[in-house]
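We name chains A, B, ... by the order of the sequence lines, and we start the count at 1 in each one. Nothing here was measured: the structure is a model prediction, and the numbers come from that model.
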Amino acid sequence: MIDLALLRREPDDVKAALARRGISSSQIDEILVLDAEHRTAMQAAEALRSRVKDLSRQVGEARKSGDTRRADEVAAESRELGDEERRASEIADAVGERVRTLLLDLPNMPAAEVPDGLDETGNVELRQWWPGMDEGAPFPTYENHQRVPHWDIGAQLGLLDLETGAKLAGSMFPLFRGDGSRLVRALGAYALNQHADEYEEIRPPTFALTETMTSTGHLPKNQIEMYAIERDDLWAIPTAEVPLTSMRRGEIIDEADLPIKMTALTACFRREAGAAGRDTRGLLRVHEFDKVELFAYCTPEQAQSCFDDVLARAEGLLQDFGLPYRVLDLCAGDLGTSSARTFDLEVYSPGVDRWLEVSSISWFRDFQARRANVRYRPAGGSPTLVHTVNGSALAWSRIWAAIVETNRQSDGSVLIPPPLQAFFGGRTHLRSR
RNA sequence: GGAGGGAUGUCAGAGCGGCCGAAUGAUCCGGUCUUGAAAACCGGUGUGGGGCAACCCACCGUGGGUUCAAAUCCCACUCCCUCCGCCA
């Protein structure tokens, strides 16, 4: 949520920033008009309220001094004023609620450095990486044996059983088996181990209350994207960002504790309602996938370094696995609602011949923290909203696909990335049995 | 699932219809004392909103209700604790 005080103070700055995301200035003007209306109505109601309180006090005093008649008179007067106050408050509350609703609808302001553009065509590729690049090697060329889609490889080697997954939970719920399952486990475990030096490992609940989903901004807007367990008012989390962001909801954190860095491996659930029929093969787009998330609460001053750290760790994992990737600087129009700045990491996967998004790293400024009301107390100052930063490191289903396709050998086996071989008892290849 | 107890400020913990935004203690900040520190003592220390300001309003788990007046009474819900049952 954008700061209403900032909106009042610097309406033109906010308009200019949001115009980059295609938000019209009339939308902001509407809020400002309603806000002025709200304040007027509120003042009227509060003046009445103040009077009622004063009269009530007089009733108490009259009672105490035994003047029952005066007490009754004043009570009657107060009762009338009270009715009036109730009506005035209802009007003020209704307008205030409208302001809040409109404000919640506004996306975050893009950071100044965010490139212009209204959709993904405006994203800027910052760099690419591939194995051997530093030694001057060119971008890899791929052999025919690498041009096989992962679903075929998975079926050949008995690593991936999409049919059985569909039998159990419907299509787009993958079932990994044998070494395929072990690879999923190895990826998550390897990443958690890598992050353990600075990030506290968290194993949060897989489900979240409506209240929790709302405070991160995933509800009510993206309701259609979420799996719901209605009877218990629970939602399956679409990312560990949801529980992690809410862990300190409503709290005031000691400044000395910041930054608070956490990592979590969870299943992530997405209905992909808006993407029906797109990328439905294999693991490109699935309803459930494992992901390791990195998350930080921090001060505004720490935000840049936290962001850089998450990015470096996500890239580091891709380099450990030897997967070519590119870094995209998302343009203003392609930013997620809550984000002020986002870098996406895309891995090149030769079997499907596509760049696959495997990480999204975002700096939210205080946008999320305002909703979740997470603050810290700066030295000698009053409570201030924290900044939040998070990013995937990484989303495993697509990494799984990229590894299997990239590392496929001419004999049909798949080379296990060396850092993961320890999880396979030292074996170097996945082979059919 | 059954029975009971509870939810109050950064924390602990009083209050159970009328200057209660809230005792007391801890924390933290400032001061006195001290060569310095500790201790002791004195003073200050919630959040949010409105108003140029004086000041006003809201907030005692959440949402309703009663009343001239609610942290305090009533109803519903949520969460926590204890005991019993059931169960990984």
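- In this structure, Arg249(A) places its CZ atom 13 Å from C1' of U62(B), rounding to the nearest Å.
- Ion pair Asp3(A)/Arg365(A) not flagged as a salt bridge, since none of the NZ, NE, NH1 or NH2 atoms sits closer than 4.0 Å to an Asp/Glu carboxylate oxygen.
- Nucleotide A40(B) has U32(B) as its partner under the Watson-Crick or G-U criteria, with both atom distances under 3.5 Å.
- On the P atoms, A76(B) is 15 Å away from G5(B), given to the nearest whole Å.
- Ser56(A) comes within contact range of at least one nucleobase, with a heavy-atom separation under 4.0 Å.
- Taking atom P on both nucleotides, A14(B) is separated from G31(B) by 35 Å, rounded to a whole Å.
- Along RNA chain B, the nucleotide closest to Ser50(A) and the one closest to Arg39(A) are compared, and the more 5′ of them pairs with Arg39(A).
- Annotation: cation-pi pair Arg182(A)/Phe424(A) present, NZ/CZ under 6.0 Å from the ring centroid and within 45° of its normal.
- The aromatic rings of Phe307(A) and Phe343(A) sit perpendicular to each other, their planes meeting at more than 60°, with 30° as the lower class boundary.
- Counting to the nearest Å, the P atom of G46(B) and the CD1 atom of Ile252(A) are 12 Å from each other.
- If you take atom P in C77(B) and the same atom in G21(B), they sit 31 Å apart, rounded to whole Å.
- A distance of 6.0 Å or more separates the ring centres of Tyr297(A) and Tyr376(A).
- Side chain of Glu46(A), nearest nucleotide from A69(B), C56(B), G48(B): C56(B).
- Looking at heavy-atom distances under 4.0 Å, Val59(A) makes contact with a base.
- As rounded to the nearest Å, U82(B) and G63(B) have C1' atoms that lie 27 Å from one another.
- Taking atom P on both nucleotides, A70(B) is separated from G2(B) by 35 Å, rounded to a whole Å.
- Judged by Watson-Crick or G-U wobble contacts below 3.5 Å, the nucleotide U24(B) has A12(B) as its partner.
- Counting non-hydrogen atoms under 4.0 angstrom, Arg63(A) reaches a base of the nucleic acid.
- With G48(B), G49(B), A58(B) as the candidates, the nucleotide lying closest to the side chain of Arg49(A) is A58(B).
- Atom C1' of nucleotide G51(B) and atom CZ of Arg8(A) are separated by 12 Å, given to the nearest angstrom.
- Nearest-nucleotide assignment on RNA chain B puts the 5′-proximal partner with Glu61(A), out of Glu61(A) and Leu4(A).
- With a cut-off of 3.5 Å on both pairing distances, A54(B) has no Watson-Crick or G-U wobble partner at all.
- Rounded to whole angstrom, the span from the CZ atom of Arg79(A) across to the C1' atom of U67(B) amounts to 9 Å.
- Ser246(A) pairs with exactly one of Val374(A), Leu209(A), Thr212(A) by the side chain to side chain contact (heavy atoms under 4.5 Å, CB included) rule, that one being Thr212(A).
- Atom P of U10(B) sits at a distance of 15 Å from the matching atom of A22(B), rounded to the whole Å.
- Distance CG (Asn373(A)) to P (U47(B)): 12 Å, rounded to an integer number of Å.
- Rounded to whole Å, the P atom of C73(B) lies 24 Å from the corresponding atom of C81(B).
- Within the nucleic acid shown, Lys53(A) comes within 4.0 Å of sugar-phosphate atoms alone, with no base atom in reach, counting heavy atoms only.
- In a base pair of the Watson-Crick type (N1 to N3 plus N6-O4 or O6-N4) or a G-U wobble (N1-O2 and O6-N3), with each distance short of 3.5 Å, C86(B) is matched with no nucleotide.
- Counting heavy atoms from C-beta on, the side chains of Ile202(A) and Met247(A) come closer than 4.5 Å.
- Across C57(B), G46(B), C68(B), the shortest atom-to-atom separation from the side chain of Ala75(A) is found for C68(B).
- In this structure, Asp54(A) atom CG and A69(B) atom C1' are separated by 12 Å, rounded to whole Å.
- Using C1' as the reference atom, G46(B) and A23(B) are 16 Å apart when rounded to the nearest Å.
- In this entry U78(B) has A7(B) as its Watson-Crick or G-U wobble partner, both defining distances falling under 3.5 Å.
- The partner of C60(B) is absent, by the rule that a Watson-Crick or G-U pair needs both atom distances under 3.5 Å.
- Closest to the side chain of Arg375(A), out of C68(B), U47(B), G50(B), is U47(B).
- When the P atom of C11(B) is taken as reference, atom CG of Asp257(A) falls 14 Å away, rounded to whole Å.
- Distance Asp93(A) CG to C57(B) P: 16 Å, rounded to the nearest Å.
- Nearest approach of Leu157(A) to Arg431(A), heavy atoms of both residues: CD2-C, 3.9 Å.
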